[in-house]
There are 2 protein chains.
Amino acid sequence: MTKPRKTKSVPKPRMSPAHRERLIVEGAIAFFAEVGLEGQTRELAKRLGITQPLLYRYFPSKDDLLERVYEEVYLKRWKPEWEALIADRSLSIGERFRRFEKDYQRTIMTYDWLRIFFSAGLKGTDLPGRYLSRVRDLIFTPVLGEMRREFGLPSPAQLPLCAQEYELMFGIHGALVYVGIRRFIYNLDVPTDQNLVFDTEMDAFLAGVGPVMRRLVAEQQAVQRARKRKS
Amino acid sequence: MTKPRKTKSVPKPRMSPAHRERLIVEGAIAFFAEVGLEGQTRELAKRLGITQPLLYRYFPSKDDLLERVYEEVYLKRWKPEWEALIADRSLSIGERFRRFEKDYQRTIMTYDWLRIFFSAGLKGTDLPGRYLSRVRDLIFTPVLGEMRREFGLPSPAQLPLCAQEYELMFGIHGALVYVGIRRFIYNLDVPTDQNLVFDTEMDAFLAGVGPVMRRLVAEQQAVQRARKRKS
DNA sequence: CCGCTCATTTATCAAACTATAAATTAGAGC
DNA sequence: GCTCTAATTTATAGTTTGATAAATGAGCGG
């Protein structure tokens with residue numbers, strides 16, 4: 001048992017604005033992830049051990065604080081090295097994609113990342129849209145191009161990537177994210193060995209993607225030829 | 001332009017409790033799906049064209065109304081015929097599973113179903129957990145059993161289904177649900193031809209699942225043999 | 001150790017929240 | 001038509017919300 005302190009004895013260290021701001025942002029990430037974006041500023045302040053009006057000295061409004069949270073969680077955690085990895089032809093595209101998804105999933109599969117992402121989506125924010133556009137343009141598009149190459153199929157320049165091919169990418173991506181959804185959104189137990197789950201999913205995907213892409217390309221080419229014949 | 005009505009001329013049909021209750025429940029489903037479960041009873045009443053206290057004549061509290069919404073959307077939309085379909089050996093298990101997922105996804109891939117499901121999950125409700133347990137026990141378990149059979153692998157009675165095999169099922173399931181997530185939670189455009197997307201995903205899954213299950217079973221058997229040798 | 005800056009708190013507002021009690025009135029049964 | 005049940009509204013209590021203004025006091029520079 002600790003010695004009883006004098007009343008009101010809690011030490012109140014005065015902080016530099018920079019330090020206090022960091023504490024608020026980090027506290028806000030944990031707080032809004034847990035209770036949702038409708039969480040109340042009073043409750044957040046209580047958890048931070050400060051008063052609620054102090055929040056408004058650092059952020060003009062609750063929405064501004066939320067913007068800052070998005071920036072911190074989604075923009076700052078994006079790794080430019082991912083794009084380089086995809087382009088590295090010293091590995092097979094299957095292996096490159098496997099390594100990318102492994103690190104990517106490790107990055108996003110957190111309580112904070114997933115719960116705030118879904119809360120923002122439900123709220124109607126354009127955050128998920130902007131974020132997934134980036135994934136599609138910077139990752140999926142080059143991956144599909146490399147797969148076309150490795151399977152001996154026409155390059156995207158010769159035969160544009162079709163929606164179905166993108167859906168294949170979103171499919172495996174979604175299958176992997178779904179593990180995190182079950183864990184952090186649905187509060188379910190998922191197998192402890194995430195790597196094993198990951199590899200199993202990825203094996204099944206890589207085993208199936210080649211034949212399906214071949215078929216899709218063949219269908220596209222048939223459409224093209226039919227069109228040419230007509231004109 | 002319509003003729004100006006007399007003031008207060010809006011006709012106020014008095015409804016039977018049963019009818020009014022239906023209107024409230026259906027309005028509540030649409031309302032909470034759109035604005036989230038924190039949506040306010042006043043706003044809901046306004047949309048229904050009734051006053052807010054009237055809601056409390058039909059439901060003792062907001063939480064009771066929400067419970068009713070869950071029941072209506074999740075329990076009432078479950079189709080017992082799904083379980084029969086899976087058991088029907090006049091079709092290959094691949095075809096049975098394809099047909100199940102096609103109808104299942106058509107059932108759940110709605111604005112209401114998905115958005116309320118995720119809101120409830122974020123809120124901490126056990127709804128997603130209970131619901132997915134049902135899917136696992138009534139669908140995934142028999143499907144995996146049938147697949148073992150069709151691939152000439154040991155039955156689940158001989159060699160229990162392992163977590164990895166369940167993850168394969170959750171994987172394809174998640175890949176398909178992810179289409180709905182992108183559409184209704186993230187507010188993104190997804191390809192208009194849902195059936196084509198669906199078939200592409202399912203083709204890739206069915207092409208890959210056989211080999212992977214064989215490998216998983218072989219690994220399990222190796223573990224079993226090693227254990228037997230030890231004892 | 002004095003004074004001033006500014007980090008932080010107290011006090012408070014106006015609006016919006018769930019929920020309840022009492023007053024109203026539509027409409028079925030006679 | 002009269003009456004009475006109950007569907008519905010008005011009025012309102014009691015909290016809680018995001019946000020602001022004014023008061024306080026910690027701690028640095030001198």
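Each chain gets a letter, A, B and so on, in the order the sequences are listed, and its residues count up from 1.
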Can you find a pair of side-chain heavy atoms, one from A:Leu144 and one from A:Met213, that are under 4.5 Å apart? yes

Within 6.0 angstrom of A:Lys46 NZ, more than 12 heavy atoms from elsewhere: no

When you measure from the side chain of A:Lys102 to the backbone of A:Asp199, do you find a donor-acceptor pair of N or O atoms at a distance under 3.5 Å? no

Do A:Trp113 and A:Tyr74 make the cut of ring centroids closer than 6.0 angstrom? yes

Distances for protein N or O near nucleotides 2-7 of chain C N or O, under 3.5 Å:
from: C:dA7; atom 1: O3'; to: A:Met15; atom 2: O; distance (Å): 3.4
from: C:dA7; atom 1: N3; to: A:Arg14; atom 2: NH1; distance (Å): 3.3
from: C:dA7; atom 1: N3; to: A:Arg14; atom 2: NH2; distance (Å): 3.4

Distances for protein N/O vs nucleotides 12-15 of chain C N/O pairs under 3.5 angstrom?
from: C:dT12; atom 1: O4; to: A:Arg42; atom 2: NH2; distance (Å): 3.4

Measure CG/B:Leu44 against C1'/C:dA16 and give the value in whole Å, please. 16 Å

From CA spacing to verdict: side chain to side chain donor-acceptor pair (under 3.5 Å), B:Tyr56, B:Ser61: CA-CA 6 Å; B:Tyr56 285 83; B:Ser61 75; over 6 Å; no

When you check the side-chain N and O atoms of B:Thr200 and B:Asp203, is any donor under 3.5 Å from an acceptor? no

Per A:Ile50 side chain, nearest of listed nucleotides C:dA19, C:dT9, D:dA19: C:dT9

Whole angstrom is fine here: how far is it from NZ in B:Lys62 over to C1' in C:dT20? 17 Å

Closest approach of A:Ala120 to A:Tyr70 (non-hydrogen atoms, all atoms of both residues): CB-OH, 4.0 Å

Of all heavy-atom pairs between A:Arg96 and A:Leu91, which one has the smallest distance, and what is that distance? NE-O, 2.9 Å

